[in-house]
Amino acid sequence: MKNKYDFGELESKWQTAWEEEGIYHVNPHETKPKYYALEMFPYPSGRLHVGHTRNYAIGDVIARFRRMNGFCVLHPMGWDAFGLPAENAAIERGIQPSQWTSGNIQHMRSQFMRLGLSYDWRREVASCHPGYYKWTQWLFLQLLKHGLAYRKKAQVNWCPKCQTVLANEQVVEGLCERCDTEVTKKELEQWFFKITDYADRLLENLETLEGWPEKVKIMQKNWIGRSEGVEVVFKLKDTGDDIPVFTTRHDTIFGVTYLVLAPEHPLVEKIISGSPREQEIRKFIAGVSRVSEIDRTSELTEKIGIATGAYAANPMSGQEVPVWIANYVLPHYGTGAVMGVPAHDMRDFEFAKKYGLPVKVVIVPPDQAHCQCETNEAYEEPGVMANSPGFDGMPSDKGKNAVAEFMESHGIGKRTVNYKLRDWLISRQRYWGAPIPIVYCDSCGIVGVPEEDLPVELPLDVEFRPTGQSPLNDIPEFVNTTCPKCGGPARRETDTMDTFMCSSWYFIRFTCPRTDDRPWDPDTANYWLPVDQYTGGVEHAILHLMYSRFFTMFLSDIGLIKTKEPFARLLTQGMVLKDGAKMSKSKGNIVSLEEMLDKYGADTTRLFILFASPPERDLEWSDQGVEGASRFLGRIWRLVYEFQNELASYDSAQRERSGLTSEEKEMRRRIHATLQKVTQDLERYSFNTVVAGIMELVNALYQFRDVARTRREAMGIMGEAVRTVLLMLAPFAPHITDELWHEIGYKRSIHEENWPAVDESALVETQIEIVIQVNGRVRDRMHVAKGRDSEYLRREVLARDRVKELVEDKDIREVFVVPDRLVNIVTS
RNA sequence: GCCGGAGUGGCGGAAUGGCAGACGCACGCGACUCAAAAUCGCGCGGAGUUAACUCUCCUUGGGGGUUCAAGUCCCCCCUCCGGCACCA
């Protein structure tokens with residue numbers, strides 16, 4: 001054994017050995033309970049950074065801990081390999097997206113290896129592989145078959161210079177992220193998934209996800225944005241057209257003083273054409289639609305509107321109110337028309353003040369007898385209805401029900417639920433994605449590619465023209481095909497799928513990564529699913545995690561899997577910061593993972609990351625902290641080195657447990673108390689305190705070295721301690737622990753060992769320290785036998801000289817005794 | 001604006017309502033060494049007090065409260081971080 005910890009040689013040695021022996025390979029097991037540990041698979045951007053490392057280090061500790069606890073652990077890794085950066089690389093460097101991606105995957109896989117992560121690499125998947133995206137396409141067809149995939153016109157972000165569609169994330173402050181051209185909007189036929197059909201279930205099921213952070217559940221809840229209200233119909237005065245309006249405040253219906261339509265509302269055209277102010281209004285609408293949706297929906301944007309000259313009748317009061325058009329009404333939410341109640345809605349109030357529209361108070365605060373007719377702000381709280389014939393005096397919450405019932409019984413409105421959640425637009429005018437398996441035929445229309453013809457393969461050798469258009473359009477062999485129905489000439493869909501689609505089911509594919517006649521084998525998938533522990537960044541709290549839930553619900557509805565929720569427990573780890581800020585190239589505060597691995601090795605890097613901060617909190621990078629982690633591993637190395645011969649020859653069978661000295665007993669107590677704490681802390685993912693606990697034990701062992709040398713029994717305890725330390729540390733620092741495990745005489749890998757059991761008998765303490773307080777302040781302490789009752793403790797404490805001195809001239813009012821803990825004497 | 005989360009030594013961070021500051025970093029001292037590094041050991045919130053073992057007081061963003069006892073529970077306020085943001 002070397003006297004010095006030399007991580008470089010040792011780490012690569014074990015990585016090779018583990019891979020050769022396949023110790024992390026897993027298959028369904030008949031008797032062991034299953035455990036599916038998963039970390040979010042990365043986009044192969046080029047290299048892993050320390051942020052990734054944190055994610056994967058956390059996941060690896062969880063997987064290894066479960067494995068040692070007798071679970072059959074599925075722990076796979078793969079690549080979310082489609083996406084835009086590959087196309088940018090193609091344009092910038094003239095390299096094929098596929099080549100660029102596979103080069104990155106190779107490099108990053110080797111980085112994964114260097115980190116010593118316990119993956120079953122036989123199960124690796126890449127979403128850009130035809131064997132994978134064949135089934136992504138197949139899933140698209142299932143959605144199509146069940147009426148959940150449909151096509152409609154939608155506005156998309158369009159860069160006139162690049163001649164292409166941009167995703168929202170590619171629009172930076174209204175400009176194209178690549179060429180800084182102002183982004184415009186364009187109507188295109190797009191594919192959508194009807195995720196809104198699942199809105200209620202996505203919301204309701206959140207309550208069943210006990211292992212999810214509250215924060216993520218709230219974010220999803222807000223995103224779904226369910227709101228209950230009524231849809232009530234106003235009639236246009238001249239034409240008699242219906243204008244349905246959605247409101248959650250139907251108790252304020254008598255306070256309506258105007259109606260507003262979104263500029264995109266279908267009735268707008270009919271109302272304005274031929275009106276005397278037609279030109280003026282058209283100009284206004286054009287002005288509004290020029291603004292991007294992001295700016296338009298910002299609260300900061302000034303509310304502007306224009307009167308149409310038309311009037312509509314309030315179905316409850318019969319009162320006629322002017323119809324306006326305004327930028328603050330959104331076409332996609334509710335009915336695209338809003339009733340204006342300035343007295344009880346801040347936005348309406350602001351708008352009414354600006355344009356001189358009347359304010360009519362119909363809700364009075366509960367504590368006010370009379371209506372306050374001069375208001376300078378909207379009263380939005382509940383109150384008592386007023387100026388509402390037939391409903392006056394009703395509390396507004398009751399009034400809502402009464403109004404809704406009245407509307408329903410008179411056929412002028414009905415109760416409705418609205419959601420902020422919109423259908424999922426999955427079309428991308430991109431090359432590097434899974435092609436949408438659709439064919440357009442002049443006689444048959446939209447035709448799904450037959451399942452047996454999948455995959456629709458992406459041509460790999462493509463030319464990127466500076467037009468920025470998807471190169472698929474330029475490949476006649478791809479575009480031109482025959483209609484699967486009629487055999488006539490047809491065109492292929494050239495759009496590809498949103499990459500979130502690829503990542504919405506990969507956790508199922510991992511259960512059967514090489515099955516090629518179906519997406520997965522149901523029995524195997526049902527054996528493994530759901531994922532028991534999912535670990536990843538909180539940035540995916542909404543999109544990825546909600547899409548995956550949607551897919552899982554759909555697949556369970558059509559009987560392809562049993563589980564209704566994909567991830568039983570979710571851990572969202574915090575960011576890695578340097579100098580208080582997120583690492584970024586522009587700030588120049590990047591910590592290079594490669595450098596860390598070269599300089600300190602994987603074990604130290606992992607240990608530091610897990611020790612520096614609790615997993616869900618942000619982590620401040622510290623080079624000195626890394627030094628500390630490195631020093632600790634060196635300390636363990638030297639401890640084992642010092643006792644190697646003795647440890648190798650004293651196996652556990654020779655361990656003496658009776659007739660121990662008090663010092664020896666205390667050492668054994670510490671070993672098992674630490675083991676107990678570490679086990680508990682691992683269960684609750686408190687990795688930083690686990691490491692701290694092991695450090696404390698090692699510190700104690702350094703103090704115990706001289707005792708250990710005194711006799712055989714003591715050395716036996718040293719051996720027990722070292723073995724326990726190595727086992728506890730194995731999930732964190734897998735290389736050094738395996739090396740030392742072999743150095744003390746074991747032949748099998750430490751990663752195939754079981755988690756040690758706490759010896760309860762070692763924990764029994766005979767003497768206990770009792771804290772003595774006077775008026776809540778610690779004034780003394782004493783040692784007594786464990787388990788003494790309150791009466792005994794009270795007597796003993798009051799008999800002490802120190803206590804007598806302290807309470808001398810005062811009356812003792814009360815004495816609180818917490819057995820085995822503390823005594824508090826309260827004096828007057 | 002709304003919804004989350006956090007605020008504890010010089011720093012990262014510990015603490016089922018029961019000894020605040022575990023563990024690590026930084027720093028100081030000692031041992032080893034010709035010397036340095038590495039290592040091993042000791043100390044380390046602040047103020048005061050004692051010749052000394054000591055003893056006392058203050059201290060978990062600020063202010064109130066509940067309790068024998070509060071970093072922890074309740075109310076109000078401040079700061080920082082994250083998410084949402086005209087959703088009718």
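In what follows, every heavy atom counts, from backbone to side chain, and hydrogens, waters and symmetry copies are set aside. Proteins come first, then strands; the chains are lettered A, B, ... in the order of their sequence lines, and each starts at number 1.
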message = Checking A:Asn418 against A:Arg226: is there a side-chain donor and acceptor pair closer than 3.5 Å?
response = no

task = Report yes or no: is the cationic atom of A:Arg635 (NZ for Lys, CZ for Arg) closer than 6.0 Å to the six-membered ring centre of A:Tyr702, at no more than 45° off its axis?
result = yes

key: A:Asp681-A:Thr689 side chain donor-acceptor pair, cut-off 3.5 Å   = yes

request  = Mark up nucleotides 37-47 of chain B, 5' to 3', with B wherever a protein heavy atom is under 4.0 angstrom from a base atom, S wherever such an atom reaches only the sugar-phosphate, and - elsewhere.
outcome  = --SSSS-----

request  = Go through the side-chain N and O atoms of A:Asp345 and A:Tyr379 and say whether any donor and acceptor fall under 3.5 Å apart.
outcome  = no

request  = Report yes or no: is the cationic atom of A:Lys303 (NZ for Lys, CZ for Arg) under 6.0 Å from the centre of the six-membered ring of A:Phe351, at an angle within 45° of the ring normal?
outcome  = no

task = Answer yes if the side chains of A:Gln573 and A:Arg617 hold a donor-acceptor pair under 3.5 Å, and no otherwise.
result = no

ask   = With respect to A:Leu793, which candidate in A:Asp820, A:Leu798, A:Val784 satisfies the side chain to side chain contact (heavy atoms under 4.5 Å, CB included) definition?
value = A:Val784

note = Taking for A:Met695 and for A:Pro331 the nucleotide of RNA chain B with the nearest heavy atom, the one nearer the 5' end belongs to A:Met695

ask   = In whole Å, what is the span from the CZ atom of A:Arg781 to the C1' atom of B:C19?
value = 5 Å

inquiry  = Under 4.0 Å, heavy atom to any atom of RNA chain B: which of residues 817-826 of chain A qualify?
reply    = A:Val818, A:Arg821, A:Leu822, A:Asn824, A:Val826

task = Please state whether the phosphate of B:U56, meaning OP1 or OP2, lies under 4.0 angstrom from any side-chain nitrogen or oxygen of A:Arg779.
result = yes

request  = Would you kindly say whether A:Tyr685 and A:Thr535 are connected by a side-chain donor-acceptor distance under 3.5 Å?
outcome  = no

remark   = When rounded to the nearest 0.5 Å, the distance separating CZ of A:Phe643 from CG of A:Leu701 is 9.0 Å

key: Where RNA chain B forms stems, i.e. three or more consecutive Watson-Crick or G-U pairs with both distances under 3.5 Å   = B:1-7 with B:78-84, B:10-12 with B:23-25, B:27-31 with B:39-43, B:45-48 with B:55-58, B:61-65 with B:73-77

key: N/O (side chain, A:Asn688) to phosphate O (OP1/OP2, B:G12) under 4.0 Å   = no

ask   = Below 4.0 angstrom from OP1 or OP2 of B:A88, is there any side-chain N or O of A:Ser227?
value = yes

note = Atom CG of A:Asp623 and atom P of B:C25 are separated, to the nearest Å, by 14 Å

request  = Starting at atom CG of A:Leu577, determine the distance to atom P of B:C11, rounded to an integer number of angstrom.
outcome  = 16 Å

key: Rounded distance in Å - CD (A:Gln624) to C1' (B:G10)   = 12 Å

task = Ignoring hydrogens and angles, state whether a donor on the side chain of A:Asn688 or A:Ser613 is under 3.5 Å from an acceptor on the partner side chain.
result = no

key: Between B:G21 and B:U59 - C1' atom distance, rounded Å   = 11 Å

inquiry  = Looking at A:Lys786 and A:Glu769, is any side-chain nitrogen of the basic one under 4.0 Å from a carboxylate oxygen of the acidic one?
reply    = no

query = Toward the 5' end of RNA chain B, which comes first, A:Ile542 or A:Gly334, by nearest nucleotide?
reply = A:Ile542

ask   = Taking the same atom, P, in B:U50 and in B:C40, what whole-Å distance lies between them?
value = 40 Å

Value in whole Å for how far the C1' atom of B:C23 lies from CZ of A:Phe608 = 14 Å

